Amino acid sequence: MENLTVFANLDALKPLADYVIQASGIAGLDKKQTYKLRLAVDEIATNIITYGYEQAGKTGDIIIAADIDEKMLKITLQDTAIFFDPTEKLSSEEQTLNQPLDDRKIGGLGIYLTISGVDEFQYKRMGDRNFNIFIMYR
């Protein structure tokens, strides 16, 4: 599939979701896998747009790419927003799960819930670019 570049605002979430659904169909993922992957990409893309660009006073694009082979579908989100490693946030969210319910804040588990739904998640920062990589096995 060809890459898709979208301007990073909340209107970009629909074309990003459509891209994931199309790639999942080509890769032969089932409905449950497709749903989990779309949800994970949506969560990370929303964070990129909201925190990485808008709240940081920046503008830019998100590039989504799909790599498909006989074993897996790999979706990569690439952006030039501020540095944000979701795996660091994931660790703090996992720690929250060990706290008593009365000590937990409401919400704050979005990254944990979505990333735990994909088979693999990787984050890389190269130069001024963030790469969020989602992998689903067939």
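Please read these numbers as outputs of a predicted model, since none were measured by experiment. Numbering starts at 1 and runs along the sequence shown.
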Query raised in the report: Taking it one step at a time, do Glu70 and Arg138 satisfy side-chain contact (heavy atoms from CB on, under 4.5 Å)?
Result: CA-CA 8 Å; Glu70 64 281 345; Arg138 308 190 315 164; 4.3 Å; yes
Query raised in the report: Between Ile133 and Phe121, is a side-chain contact (heavy atoms from CB on, under 4.5 Å) present by the stated rule, with each step listed?
Result: CA-CA 6 Å; Ile133 302 162; Phe121 177 81; 6.0 Å; no
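Contact record, Asp42 with Thr46: O-OG1, 2.7 Å, taken as the closest heavy-atom pair. Across every non-hydrogen atom of Ala12 and Phe7, the tightest pair is CB-O, 3.3 Å. The two residues Ala45 and Ile62 have their closest heavy-atom pair at O-CD1, 4.3 Å. Lys58 approaches Thr80 most closely through the heavy-atom pair NZ-O, 2.8 Å.
At distances below 3.5 Å, not a single donor-acceptor pair connects side-chain atoms of Asn132 with backbone N or O atoms of Gln122. Of the possible donor and acceptor atoms, none in the side chain of Gln22 sits under 3.5 Å from a partner among the backbone N and O of Tyr19. Under a 3.5 Å cut-off, the side chain of Asp119 and the backbone N or O of Tyr137 do form a donor-acceptor pair. Using modelled atom types, no side-chain atom of Tyr51 and backbone atom of Ala81 make a donor-acceptor pair closer than 3.5 Å.
Counting heavy atoms from C-beta on, the side chains of Ile115 and Pro86 come closer than 4.5 Å. Here the side chains of Asp85 and Arg125 are not in contact, with every heavy-atom distance at 4.5 Å or above. Inter-residue side-chain proximity for Phe134 and Ile44 is flagged as met; some heavy-atom pair is nearer than 4.5 Å. A heavy-atom distance below 4.5 Å is found between the side chains of Ile49 and Leu10.
Here CG of Leu4 is found 10.5 Å from CG of Leu77. Values are rounded to the nearest 0.5 Å. Atom CG in Asp79 sits 10.0 Å away from atom CD1 in Ile82 (nearest 0.5 Å). Separation of atoms CD (Gln78) and CG (Asp61) is listed at 10.0 Å; rounding is to 0.5 Å. The distance from the NZ atom of Lys74 to the CG atom of Asp69 is 9.0 Å, given to the nearest 0.5 Å. The OG1 atom of Thr34 sits 8.5 Å away from the CG atom of Leu73 when rounded to the nearest 0.5 Å. Put simply, CD1 on Ile63 and CZ on Arg129 are 5.5 Å apart, with the number rounded to the nearest 0.5 Å.
Within 6.0 Å of NZ in Lys14 there are 12 or fewer heavy atoms belonging to other residues, nucleotides or ligands.
Here the rule is side-chain contact (heavy atoms from CB on, under 4.5 Å) with Ile64, and of Ile75, Thr5, Asn3 only Ile75 fits it.
With hydrophobic clusters built from ILVMFWY side chains whose heavy atoms lie under 4.5 angstrom apart, Ile21 does not share a cluster with Ile68. Residues Met1 and Met136 share a hydrophobic cluster, clusters being chains of Ile/Leu/Val/Met/Phe/Trp/Tyr side chains in contact below 4.5 Å. Linking Ile, Leu, Val, Met, Phe, Trp and Tyr residues whenever their side-chain heavy atoms come within less than 4.5 Å places Tyr123 and Leu37 in a single cluster. Linking ILVMFWY residues whenever their side-chain heavy atoms come closer than 4.5 Å, directly or via other members, places Tyr53 and Leu13 in the same cluster. Both Val118 and Phe84 are members of a single hydrophobic cluster when ILVMFWY side chains are connected at heavy-atom separations under 4.5 Å.
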